[in-house]
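The model shown is predicted, which means the values in this text are computed figures rather than measured ones.
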Amino acid sequence: MTFVARSVRYVLRKRVRTIVLLIVLTIITASMLSTIAVSRAAQQAAGRIEKEAVGGFVLASNLQGSMLTPRGGGMVRPADVRRIAQLPGVDSYMVRQNATADLVGANVAKVPGGDDYDATKEQQFGNAANVIGTNDSSKLNVFTSRTLGMAEGRHLKASDKYTSMIHEDLAKANGLKVGDTLTLKANAYDADNESHSTATVKTTIVGIFKGDSARKVSSRAELTANTIYTDLDTTRDLYYKEIYQDATFVLSKGVDVEKTMDAAKKLPVDWNNYQITRNDQYSSSMLHAARGVRSMMRGALIGVTVSAVLVLSLMLLLWMNDRRQEMGILVSLGVGKPSLVAQYLTEMVLIGLPSLALGWLCAQGMAQWLGTTALHSVNASAAKELSSMGQVGGDLESSMSVRTLDSLTVSVDGTAMLYVALGLLAVMLVCVAVACIPMLRKSPRDLSEIR
């Protein structure tokens, strides 16, 4: 009788042991499948974030220096921006110019459930919106990170003049649509409006965007709905000023960011007034979350594997002790010890095959739950660490700086099944070796002794 025939007979005859082992292997398989699936989902999410991040760097005012506006904004000079933009490898650049303007013939959004301004502030800034002028809104971090997205119309481009993009909530509240006119009036009370300009600019709405900050706001100034994007001509005409908040330089594909930054630092620019940083700060929190989940799953997989080896080895050691006489008789009849090892391994494989199918079924729901739970744990840990560092505002920029992964889509695919099948086979080999070798080193007489 071959070792395969003996294996089939034993598995069918010892139903209780077979069922117990099937349950244990199913739990191990489902756990391994779930951890591998979540780890792969986190790895894919990290890769997608890195791929979508715009390769480049940001030029901004040195917060430790004196190059700041009265409100604490940047004072990046256009000449310095143009100088850096001429470096080899720089594909394009995007600048931002900030202003505060009152809406004419329209009303800003209000914070629900309470008055956020006192009487004086209401009179001065009650209908003021945050205006951000740019030469290319599609390259703004809020859009490249998909925190905001276009609902209608198009992005602003360098050739635009007196155009604007508004939030869908502001558009809905004021009955505005693409093609309508939105009039902005410079707010004379804004500290950055040093000329106390009250200039009025009529803009044509070319786009309506959607999206919001995930954090709680404390005033209407932090509401995403009260942010208006315009071309640079509009912000210049409002404040009569030619300085930028910051400049983002986008590099050509394959260009090394660090080397280009080093080249920029060698230009005749007063670097005491500036700081230069990589343009991946808004994706770092999301990458940290994805990598945190993957690290957690690697630890869980190691724990599951070690536990599987210990549990299965203990079970097989106990059962092999009960099969001492069987072993002794088979060895006495001339059955080779390699054939016995092959029999015991085949028994495990015969039970392991259906456990793979059952484990796959269990992992379909378990994997997504495990991924969601792990991501929630990583995000909660990040939030706790952030709270210990101080309060973060509810505005869009602050929200983006601490943005993490909102969700993780987990699926158990064929690759995960292959990894688990190979891993389970390796576990079986180790456990069978641990359980069988001590027994098979004994003589047939010792194995046949009744205990």
Side-chain angles (χ1 to χ4, degrees), residues 69-76 78 94-111 116-137 140 142 148 152-209 219-246 395-396:
T69 66
R71 188 151 39 90
M75 292 184 68
V76 177
M94 182 275 300
V95 294
R96 296 191 303 169
Q97 194 173 51
N98 294 346
T100 299
D102 295 325
L103 303 187
V104 179
N107 296 309
V108 298
K110 303 290 180 67
V111 176
D116 53 331
Y117 287 170
D118 57 27
T120 301
K121 202 166 186 178
E122 184 70 39
Q123 185 269 327
Q124 294 176 344
F125 298 101
N127 203 37
N130 303 311
V131 180
I132 301 176
T134 180
N135 60 321
D136 188 351
S137 61
L140 289 166
V142 288
L148 300 181
E152 297 178 46
R154 63 170 176 83
H155 274 286
L156 298 168
K157 51 189 179 182
S159 59
D160 283 334
K161 190 168 185 177
Y162 304 137
T163 56
S164 60
M165 285 169 41
I166 64 175
H167 193 272
E168 59 182 0
D169 290 347
L170 188 67
K172 183 178 179 181
N174 291 281
L176 297 170
K177 61 183 183 299
V178 173
D180 287 349
T181 298
L182 178 67
T183 302
L184 304 172
K185 181 181 179 181
N187 186 292
Y189 298 100
D190 180 28
D192 280 353
N193 187 1
E194 295 178 279
S195 64
H196 302 290
S197 167
T198 56
T200 299
V201 180
K202 289 185 178 181
T203 66
T204 300
I205 299 172
V206 297
I208 296 176
F209 60 91
S219 73
R220 71 192 73 173
E222 294 181 342
L223 289 172
T224 307
N226 292 333
T227 297
I228 298 172
Y229 296 99
T230 72
D231 57 274
L232 294 172
D233 286 299
T234 298
T235 46
R236 287 193 199 105
D237 286 3
L238 286 172
Y239 274 20
Y240 308 113
K241 187 180 289 186
E242 184 67 14
I243 58 168
Y244 301 136
Q245 170 74 19
D246 51 36
D395 61 283
L396 202 57

Do you know the tightest heavy-atom contact between [X] and [Y]?
| X | Y | value |
| --- | --- | --- |
| Asn135 | Met94 | OD1-CA, 3.3 Å |
| His155 | Ser137 | ND1-OG, 2.7 Å |
| Tyr117 | Phe125 | CE1-O, 3.5 Å |
| His167 | Asp169 | ND1-N, 3.0 Å |
| Asn193 | Ala186 | ND2-CB, 4.1 Å |
| Leu170 | Ala109 | CD1-N, 4.2 Å |

Point to revise | Sole candidate of Thr235, Leu238, Asp246 that passes side-chain contact (heavy atoms from CB on, under 4.5 Å) when paired with Gln97 | key: Thr235
May I ask you to decide if [Y]'s main-chain N or O and [X]'s side chain share a donor-acceptor pair within less than 3.5 Å?
| X | Y | answer |
| --- | --- | --- |
| Arg96 | Ile132 | no |
| Tyr239 | Thr100 | yes |
| Asn187 | Asp102 | no |
| Asn226 | Ala128 | no |
| Asn127 | Ala106 | yes |
| Asn174 | Asn107 | yes |

Check your understanding: Is there a salt bridge (Lys or Arg N to Asp or Glu O under 4.0 Å) between Lys121 and Asp118 once you walk through the steps?
Key -> CA-CA 5 Å; Lys121 202 166 186 178; Asp118 57 27; over 6 Å; no
What's the separation between atom [atom1] in [X] and atom [atom2] in [Y], rounded to the nearest 0.5 Å?
| X | Y | atom1 | atom2 | value |
| --- | --- | --- | --- | --- |
| Thr230 | Ile166 | OG1 | CD1 | 12.5 Å |
| Tyr229 | Leu148 | OH | CG | 5.5 Å |
| Thr234 | Leu232 | OG1 | CG | 8.5 Å |
| Arg236 | Lys161 | CZ | NZ | 9.5 Å |
| Thr224 | Phe209 | OG1 | CZ | 7.5 Å |
| Asn98 | Thr69 | CG | OG1 | 8.0 Å |

Point to revise | Derivation and outcome, side-chain contact (heavy atoms from CB on, under 4.5 Å), residues Thr227 and Val142 | key: CA-CA 12 Å; Thr227 297; Val142 288; over 6 Å; no
Which atom pairs, one a donor and one an acceptor, fall under 3.5 Å between side chains of residues 176-185 and the rest of the protein, sequence neighbours left out?
{"residue": "Lys177", "atom": "NZ", "partner": "Asp180", "partner atom": "OD1", "Å": "3.3"}
{"residue": "Asp180", "atom": "OD2", "partner": "Lys177", "partner atom": "N", "Å": "3.0"}

Point to revise | Any side-chain donor near an acceptor of the partner, Tyr244 and Glu242, under 3.5 Å | key: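 Yes - a donor-acceptor pair under 3.5 Å links their side chains.
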Review point. With a 4.5 Å limit on heavy-atom distance, are the side chains of Val95 and Val76 in contact?
Key: no
Exercise for review: Side-chain contact test, heavy atoms from C-beta onward, threshold under 4.5 Å: evaluate it for Met165 versus Thr134 and give yes or no.
Suggested key: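 When only atoms from C-beta onward are counted, Thr134 and Met165 do not touch, as no gap falls below 4.5 Å.
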